[in-house]
Chemist: 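Next up is a structure, given as structure tokens.
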Protein chains: 2
Amino acid sequence: MGPREMKKPTLEMVAAHAGVSRATVSRVVNGTPTVEPTIASRVKRSIDELNYVPNRAARSLASNRSGAIALVVPESASKVFTDPFFGSVVQGIASVMEDTDFTLTMIIESESTADKTRRYLTDGNVDGALIVSHHTGDHSYGELSEKVPLVFGGRPVEGPTGATCVDVDNLAAARAAVSYLIDHGRSRIATIAGPQTMRPGIDRLEGWRAVIEEAGLTPGPVAYGDFTTLSGARAARELLASGEAFDAVFAANDQMALGGYPVLREAGLRIPDDIAVMGFDDSPFSETSEPPLTTMSQPMIELGAEMARQLIRLIEDRTAEPLTVLQARLVERGSV
Amino acid sequence: MGPREMKKPTLEMVAAHAGVSRATVSRVVNGTPTVEPTIASRVKRSIDELNYVPNRAARSLASNRSGAIALVVPESASKVFTDPFFGSVVQGIASVMEDTDFTLTMIIESESTADKTRRYLTDGNVDGALIVSHHTGDHSYGELSEKVPLVFGGRPVEGPTGATCVDVDNLAAARAAVSYLIDHGRSRIATIAGPQTMRPGIDRLEGWRAVIEEAGLTPGPVAYGDFTTLSGARAARELLASGEAFDAVFAANDQMALGGYPVLREAGLRIPDDIAVMGFDDSPFSETSEPPLTTMSQPMIELGAEMARQLIRLIEDRTAEPLTVLQARLVERGSV
DNA sequence: TTGTAAGCGTTATCAT
DNA sequence: ATGATAACGCTTACAA
């Protein structure tokens with residue numbers, strides 16, 4: 001009763017079925033405009049009837065294009081995996097890839113596989129690659145840009161190197177954060193800065209400094225952390241120990257801000273009454289803390305999506321914006 | 001001065017260089033044992049010198065194997081992306097894939113792409129697939145198991161269906177958690193259970209019940225949540241409102257346990273003095289809560305790794321354990 | 001143990 | 001606008 005069992009149909013079978021040559025079928029499949037509509041639709045019908053699906057390998061071999069895009073993520077400190085950001089970026093990437101015929105190949109890069117990865121990327125296995133920030137040291141990919149289309153998420157420390165980057169505007173975000181503090185009546189603003197070896201660390205500190213200067217205020221004390229909760233606590237203690245007065249703290253990320261919470265409280269300071277605290281990242285922790293942390297939310301999904309869009313442009317048109325910056329959004333909660 | 005620029009070397013070039021046939025080079029590349037060592041090493045040297053890398057597409061076309069494994073994750077509620085578990089699973093998968101020549105193709109499945117995904121999997125684009133639990137509804141993949149090697153992470157509700165599964169032993173973990181509570185002097189143990197439509201929800205409740213029964217204790221009250229913090233708070237209120245006495249709460253996950261914290265405290269109960277609280281998952285929140293939450297840690301990295309191992313066995317030997325269960329570990333912190 | 005040669009399913013270059 | 005017909009780089013019977 002049912003349709004006769006059939007092997008996986010090939011382009012050749014479709015050609016026979018439609019009474020045309022393989023070349024024509026190929027043209028129809030690839031949307032070549034120079035095919036007579038009558039024939040095209042006949043071929044399309046055959047394709048449907050036979051349930052034909054092109055063979056990727058054959059196509060790739062003949063066309064010298066893989067139809068695949070690599071997503072390279074650093075395994076470094078396995079941080080990426082606990083990082084909700086990464087997930088959002090991937091979600092954004094996936095959402096645009098969904099509408100294309102590209103396939104997403106994931107490459108987790110550990111130090112031991114760095115060479116393997118580079119080879120993989122340059123040996124024609126993929127049509128392009130998305131590199132999510134290694135924060136530091138991704139300059140090693142710089143040269144690769146010449147051999148295969150590459151888009152970076154997050155700018156390397158040394159700034160655009162001719163590579164295509166999509167990044168969040170950390171400077172503007174930090175400015176917005178500190179301005180908000182000022183608008184809410186704070187005048188002596190301290191900061192817990194991130195590592196000055198990473199772009200976000202640098203930019204967020206610079207944004208703080210700039211706004212304070214422009215407002216003609218006296219900067220509060222500065223302490224440095226490494227983006228961990230623990231370092232945030234330590235930094236908060238340093239701030240307190242500095243002897244300088246301050247009525248607000250701008251932390252370069254939520255974890256450090258939250259690390260500071262208990263320290264400030266132990267010093268007898270109430271948040272936000274005695275001291276305002278501003279985070280950065282809108283991490284899950286910021287919602288559930290006491291009080292909930294006011295923070296800057298970064299558009300990570302959009303960042304992923306934009307990376308994918310740029311890469312596809314690069315692959316298909318050999319053209320893309322060298323740098324796209326996305327704006328963060330301030331999330332008002334209860335710490336300011 | 002430098003070595004002459006050369007095109008991407010092919011197997012044929014290696015053959016010429018080594019003075020053998022292409023077949024022999026192919027054998028060496030694929031580790032066929034029947035190659036004379038002398039010749040084999042000569043070929044290997046040529047491969048090195050020419051910097052030869054096999055062309056995946058060609059290989060795939062000729063061998064009818066893709067060298068790719070799909071990782072299928074549900075986009076559902078975009079929960080996956082905020083879920084640190086997922087990241088750990090991927091890390092585990094990646095760590096074993098690293099030592100193989102398989103490539104990891106990531107497929108984010110939204111409802112609108114379900115068919116596309118199924119087609120993709122069955123059309124020979126991949127040699128096998130890893131399906132991370134959709135909790136519910138992944139039975140739709142059941143039939144696919146016959147057409148392409150599949151390994152599921154987390155068992156579907158209806159139990160093993162002939163498919164290969166790797167899962168954490170939720171039952172044993174729940175038993176261990178409740179036993180620990182008993183060992184620490186608690187005798188009236190309430191529980192905040194998860195949805196009874198999900199395997200983990202069911203098993204964790206069952207473990208709680210079993211241990212209490214075996215210990216000859218009177219069960220404390222039961223309330224249900226949906227694994228969210230909010231539902232945990234609500235459930236805690238129900239527990240309190242039940243009028244039944246209890247000196248401990250076993251929650252089916254950390255978020256619900258933590259959701260209960262403030263509720264219990266408002267009721268004048270001190271943790272762990274008046275009431276012990278036991279979580280499940282070892283989520284990041286459990287470390288930073290006040291007091292830190294004692295909980296069950298699931299080996300998600302190992303789960304990912306085991307999934308990958310089983311799939312590779314399935315692909316290469318057509319054999320695998322139908323069900324592998326991994327044991328959770330109790331993490332002692334301050335809430336018991 | 002090694003070589004020969006026939007595919008694998010497309011794309012792409014020519015003619016027509 | 002369409003059709004032959006080479007590639008594309010490798011695997012794999014089968015022969016030697």
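The figures that follow rest on heavy atoms only: side chains count, while hydrogens, waters and symmetry mates do not. Since this is a predicted model, take the numbers as computed values, not measurements. Chain letters run A, B, ... following the sequence lines, proteins first, then strands; residues in each count from 1.
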Chemist: Please give, in whole Å, the distance from D:dT2 P to A:L11 CG?
Modeler: 15 Å

Chemist: Please determine, by modelled atom types, if B:S66 and B:D127 share a side-chain donor-acceptor pair under 3.5 angstrom.
Modeler: yes

Chemist: If you measure from the Lys or Arg side-chain nitrogens to the Asp or Glu carboxylate oxygens, is any gap between A:E316 and A:R65 under 4.0 Å?
Modeler: no

Chemist: Whole angstroms only, please: what is the CZ-C1' distance between A:R59 and D:dG9?
Modeler: 18 Å

Chemist: Which is true for B:V25 with a 4.0 Å heavy-atom rule: it touches a base, it touches only sugar-phosphate, or it touches nothing?
Modeler: nothing

Chemist: In whole angstrom, give the distance that lies between atom CZ of A:R56 and atom P of C:dC8.
Modeler: 21 Å

Chemist: Below 4.0 angstrom, N of the basic side chain to O of the carboxylate: do A:R309 and A:E302 qualify?
Modeler: yes

Chemist: Would you kindly check whether a donor in the side chain of A:R27 faces an acceptor in the base of D:dG3, or vice versa, at under 3.5 angstrom?
Modeler: yes

Chemist: If you compare every side-chain N and O of B:T34 against the phosphate oxygens of C:dT1 (OP1, OP2), does one of them come in below 4.0 Å?
Modeler: no

Chemist: Do the side-chain N or O atoms of A:S21 get closer than 4.0 angstrom to the phosphate oxygens (OP1, OP2) of D:dA4?
Modeler: no

Chemist: Can you check whether B:S26 has a side-chain N or O nearer than 4.0 Å to OP1 or OP2 of D:dT11?
Modeler: yes

Chemist: Tell me the interatomic distance from B:L61, atom CG, to D:dC8, atom P, rounded to whole angstroms.
Modeler: 14 Å

Chemist: How many Å lie between CG on A:N55 and C1' on C:dT11, as a whole number?
Modeler: 13 Å

Chemist: Under 4.0 angstrom, heavy atoms only, what part of the nucleic acid is A:R65 near: base, sugar-phosphate, or nothing?
Modeler: sugar-phosphate

Chemist: Can you tell me if B:S46 and B:Y52 form a side-chain donor-acceptor pair at under 3.5 Å?
Modeler: no

Chemist: Applying a 4.0 Å non-hydrogen cut-off, can you work out what A:V29 is touching in the nucleic acid: base, sugar-phosphate, or nothing?
Modeler: nothing

Chemist: How do B:P33 and B:A58 order along DNA chain C: which one's closest nucleotide is nearer the 5' end?
Modeler: B:P33

Chemist: Measure from CG on B:D123 to P on C:dG9 and round the result to the nearest Å.
Modeler: 13 Å

Chemist: May I ask you to say what A:N64 touches in the nucleic acid, namely base, sugar-phosphate or nothing, with a heavy-atom cut-off under 4.0 Å?
Modeler: nothing

Chemist: Take atom CZ of B:R22 and atom P of C:dG3, then tell me their distance rounded to the nearest Å.
Modeler: 12 Å

Chemist: Look at B:S63 and D:dT11 and indicate whether a side-chain polar atom (N or O) is within less than 4.0 Å of OP1 or OP2.
Modeler: no

Chemist: Salt bridge or not between A:D317 and A:R313? Use side-chain N to carboxylate O under 4.0 Å.
Modeler: no

Chemist: B:L50 CG to D:dG9 P: how many Å, rounded?
Modeler: 15 Å

